Amino acid sequence: MLPARSAAPAPPERVMAPASPFPAPRCHWPRTPGGAAAAPPCGWVGARSPEGSPSLPPPPRSAAAMVPKAEPNRGDPAITKAPGDTKRHRYIKLQNGLNALLISDINNVDEEFSEEGGAESEIETDNDNDSGTDSKDDGENSDSKDDEKVKPEESPSDLDMEIEGLAVEEAWAEPTGKKDEDESTEKMSAAALCVTVGSFCDPEDLPGLAHFLEDMVFLGSLKYPDENGFDVFLKKHGGSGNASTDCELTVFHFDIQQQYFKAALDRWAQFFIHPLMIRDAINREVEAIDNEYQLAKPCDANRWEVLLGSLARPGHPMRKFFLGNAETLKHEPKKSNIDFYTRLKDFWQNYYSAPYMNLVVQSKGNTRYKFCIFFLSNFCGLPKPSFDHLTDHFDTREFHRLYRGERPGTVVKPLRYISWLVGHEGKDSILSFLRKKYLWAVALSGGNAETGFEQNSTYSIFKISVTLTSEGYEHFYEVASVVFQYMKMLQKVGPDKRIWKEIQKINDNEFSFQDQVGPINYVENICENMHLFCKQDFLTGNQLLFDYKPEVIAEALDLFCPQRANLCLLSTNNEGKCPLKERWLEMQYSVEDIEQYWAAVWAFDFELNPDLRHPEENEYLATDFSLKAPDFPEVDYPVKVLNTPQGCMWYRKDNKFRKPEGNVLQVPINIVHILPLNLSEPACGADIAKLEYKLVAGEHGLIIRVKGFSHKLPLLLQLIIDHLSDFMSAGKLQFTPLAHPCPVQFRVVDLPNTHLLCKVKTFNKGDANSEVTVYYQMHMEEPCFSFLRTKETLGYHVYPAYRNNSGIIGFSISVTTQATKHNSEFVDKKIEEFLLYFEEKMKLLTEDAVFLQAHSLINTKEYEDTFLGEEMDRHWKEIVSQQYLFEKLTCEIEALKSLTKEDLIEWFQVLRGKDRRTLSIHVVGYGEQEQDSEFAAVSDVQGPLLGEHPQLTFLPPSSYMKNTAFIRHIKDFTSTLNLLPYHKILQ
């Protein structure tokens, strides 16, 4: 499971329970109690027969069964969807094996299908050239070719256009050309492609090749050769794109404004038809992969995965190093005389093949794009790799031992049931016992994460993570024994149908009234589900429980015994006790046999713990889903309905989403962090029943937020208030007027007219990562990324950010780099260099280019809220800031309509003028570029401070920024500055 939540000063320690032999592919699924991830429900892929041998998938269905006749307003009737889901889904399968799901995202359920016409006009091209770049770009983009110089891919034959006996036009008819009256109901369009091949297929001599290929395919195509053209096109039209590589999946996805979707699809498709994969870009992209590797090294979860993978049997792909770095992708291939470029192209040719691919396309109204269905139709590679022959993956002596680490389908249905019980935090649970009786633990999670490492076609890992107190660390074996006692209790008692039905009901309720997610997340999830589940369960398979089979649950529970467990104790207290080092992420660890006493106890029929039992019936489970009768005039924005010296209340009845749900936010007095721990047990039932609550110690006090089904929401809020009052030891809460307005208005210091540098050393002496942020007090995105990451290869993370600190506007540019490669002040200078480049580029912009960029941003701001929480957050921000400008989006849109090129240049010149205020923040890692020999004394004292209260070590500037004023002590520096008045944006 994911790392346990940190809820106390004690460092998180982890206890892990058995690995399950039940194989199941990766997918996304809902969270369960305690932060656990429930295993996905049944799909035929990866199912096993009762004897444990893999069962074969069902035979292919006929063409008629695969593409049933569309019914008006329904889409494909064979695909099960939520009652309130108005989207139309159509599944098609090409003769070459490509699976595709077309989704028409409509708002008006009365629209009808027709054979011709589209709901929206599509813009196939814009004023850009075909590379997607500005016409007056740099010289390096001059190799962009016009369409007439490169012939596009020929269209498939009529035979290829036949989809299992059904023509494309029949497979997905378009809605009529009705234009929505409310432009604010626009949504983004999105597409996702899942290639069911991942890092498990890496060659033994080229670790990380699948991950590297994922990056390389996006560096231009034969038709659109500009290396950065697609990203520029997306950003210009309000979109975004990304990709990820897992053990058995590689997923690509993007979104964009609807009118540019067709043009974006064409550009995107070319990456899979004719990617250039330019040889000259290999070294630069290897640097990007190596930067990502450096960022991954300090992460505990990554380190644990690589260490656990090394314990598998020789020959199992989980022993591979999936991420890759400069050593595996550059230096070792060169030493071994490997033709890396040829091997890279061979990997793409062999595995990026239509039978391995699932495509999902979602757009408002029109989704009948022929090329989005057949653009991969001619692909045919090697047979799909299979790992079914791999068995007994962890049946090694090394697995069944204690590891100490320094800290810097049907088969899956039982795991959902088990993880729900293990992660339960209520009365008689593991966590309740460890907290109340011994104060040994503060948090627990149990289950299976959605990563391909923990859930794939060869095995499933069930992990139980316990966050221990200092006392719990000293009684690590006793904690592990309590976990084993609970698992044994579940085995003895056996499956409980009441509990299973409760889980099923909760999942059904959540699915039926689920919030709509953004198109890009929606298509990404579905394209992964398509290789796990049959068509009927594309939308439901990873969310719902179907059949109660106690014998399957019991069979799985029998596997949860101490003899199948791997134990890992991760703590800063292990420093100095771990002489071994893992090769790739360099985790310090040790290996030892289980203590003889505990090995003997666990080897036999040990006693049950009478304090560990099944949870009681859940009183928070909603049963009334009726909508409340209108009790307030319809308004567009919240209205203050109560105003007293003790506080005020704002209210707006939802008249858009019309779900039996509510959101409540409060800001009472500030309070310590212990309250959430006190609430976790009594509020566990509410959490399980999908009534969410958050207690956040924010700038303005303790923020209490509750959301969920209206039926039982007051019960949860009352519970929180009662515990708050008990915690204050004053009976029910008694409010008195505050001396100052609440929420408090924070004010920002006025930076001097100079360039300031605050440079500190990172606390982790083994971490080479440095973070450089340059803040300009007084928005750019793709040019920043292209210049600092793609061209300068300064780091993996490069991002600009707009900042509004208590009404004071500014922006910043941040770069994550490595001290082994770059000095932080060198990176700072490169940021300054980029701004000079950007200023010159901005002067070359045409008025039309400024208008198009402003119009794109206007379209983005006009997109509708996808769920009630989005609207709630926007209004809450206005209330907390005391600006109450609920119509701010409308005001911003009007301002953008009048934006001119002169406005931009004037703003930038003020920002960069003689009176500019600049603050550079450097958190410096350890590496040769930072001359760490000068800080040997600092390194010597860092170890004992880890996990305690380390002090910042301020560093003077080097020769790069020797004329910069540097900060030696933050509090002393800020105490000398004036405070700017609190600014409110009123119009």
Side-chain angles (χ1 to χ4, degrees), residues 94 96 98 100 122-126 128-134 137 141-156 160-161 189-195 212-237 239-243 250-256 260-281 285 344-345 347-354 356-361 363 367 369-381 520 523 527 782 786 790:
L94 298 183
N96 65 4
L98 174 70
E122 292 275 340
I123 300 176
E124 296 198 30
T125 58
D126 59 355
D128 304 333
N129 59 36
D130 286 329
S131 70
T133 61
D134 293 332
D137 211 340
N141 293 329
S142 60
D143 61 346
S144 298
K145 301 176 178 63
D146 295 329
D147 276 354
E148 62 266 24
K149 296 179 182 179
V150 181
K151 290 184 178 181
E153 188 74 6
E154 293 182 0
S155 299
D160 290 330
M161 285 297 297
S189 296
L193 181 76
C194 176
V195 185
F212 184 74
L213 176 59
E214 169 222 308
D215 278 11
M216 285 294 294
V217 295
F218 276 110
L219 300 183
S221 64
L222 188 62
K223 185 175 180 181
Y224 302 103
D226 180 56
E227 191 175 298
N228 211 38
F230 184 63
D231 286 337
V232 171
F233 187 80
L234 292 181
K235 294 295 188 300
K236 183 173 291 185
H237 303 302
S240 62
N242 211 335
T250 304
V251 180
F252 303 86
H253 53 87
F254 78 92
D255 65 355
I256 197 169
Y260 298 99
F261 186 42
K262 190 173 182 179
L265 268 175
D266 186 33
R267 287 163 166 79
W268 189 63
Q270 297 304 316
F271 294 134
F272 308 104
I273 298 173
H274 286 303
L276 291 182
M277 292 194 286
I278 305 170
R279 186 188 294 268
D280 293 343
E285 287 306 305
L344 176 71
K345 298 196 75 171
F347 192 92
W348 172 80
Q349 187 69 43
N350 292 335
Y351 291 123
Y352 277 46
S353 180
Y356 310 162
M357 294 179 172
N358 301 318
L359 174 69
V360 182
V361 176
S363 186
T367 54
Y369 306 129
K370 293 183 180 180
F371 62 85
C372 80
I373 302 305
F374 65 72
F375 69 78
L376 301 167
S377 61
N378 294 324
F379 281 22
C380 187
I520 192 169
V523 297
C527 78
E782 179 52 39
S786 175
T790 305

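Worth saying up front: this structure is predicted, and the values here are computed from it rather than measured.
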Worksheet item: Would Asn242 and His253 count as a side chain to side chain contact (heavy atoms under 4.5 Å, CB included) if you check the C-alpha gap in whole Å, the side-chain angles of each, and the deciding distance to 0.1 Å?
Response: CA-CA 6 Å; Asn242 211 335; His253 53 87; 3.7 Å; yes

Item to complete: To the nearest 0.5 angstrom, please state how far the OG atom of Ser353 sits from the CH2 atom of Trp348.
Response: 10.0 Å

Worksheet item: In Å and rounded to the nearest 0.5 Å, what is the CG to CG distance from Leu219 to Asn228?
Response: 8.5 Å

Worksheet entry | Distance-minimising heavy-atom pair for Val195 and Tyr351 | CG1-O, 3.8 Å

Response to the item:
Interatomic distance, CG@Asp226 vs CG@Asp231, rounded to 0.5 Å, equals 10.0 Å

Worksheet item: Taking C-beta and beyond as the side chain, do Leu344 and Leu213 meet within less than 4.5 Å on heavy atoms?
Response: yes

Worksheet item: Under a 4.5 Å cut-off applied to non-hydrogen side-chain atoms, are Lys223 and His274 in contact?
Response: no

Discussion item. Between Asp255 and Gly239 (side chain of the first, backbone of the second, donor and acceptor by atom type, cut-off under 3.5 Å), is there such a pair?
Written reply: no

Item to complete: Might you point out which heavy atoms bring Ile278 and Met216 nearest each other, and give the distance in Å?
Response: O-CE, 3.6 Å

Worksheet, complete the sentence: Output for pair (Phe261 CZ, Trp268 CH2), nearest 0.5 Å, gives 8.0 Å

Fill in: Spacing of Gln270 atom CD and Tyr224 atom OH [to the nearest 0.5 Å]
6.5 Å

Response to the item:
For Ala191 and Val523 the tightest heavy-atom approach is C-CG2, 3.8 Å

Fill in: Steps toward side chain to side chain contact (heavy atoms under 4.5 Å, CB included) verdict (Cys527, Val251)
CA-CA 8 Å; Cys527 78; Val251 180; 3.9 Å; yes

Worksheet, complete the sentence: Phe212 meets the ring pair (Phe, Tyr, Trp, His ring centres under 6.0 Å) criterion, sequence neighbours left out, with Phe340

Item to complete: Enter the distance from Ser221:OG to Arg267:CZ here, rounded to the nearest 0.5 Å.
Response: 9.5 Å

Item to complete: For Ala243, check side chain to side chain contact (heavy atoms under 4.5 Å, CB included) against everything at least two apart and list the hits.
Response: Glu214, Phe218, Phe252

Worksheet entry | For the student: nearest non-hydrogen atoms of Val217 and Phe271, plus distance | O-CD2, 3.0 Å

Fill in: Phe230/Phe254 under side chain to side chain contact (heavy atoms under 4.5 Å, CB included): CA gap, chis, key distance, verdict
CA-CA 10 Å; Phe230 184 63; Phe254 78 92; 4.0 Å; yes

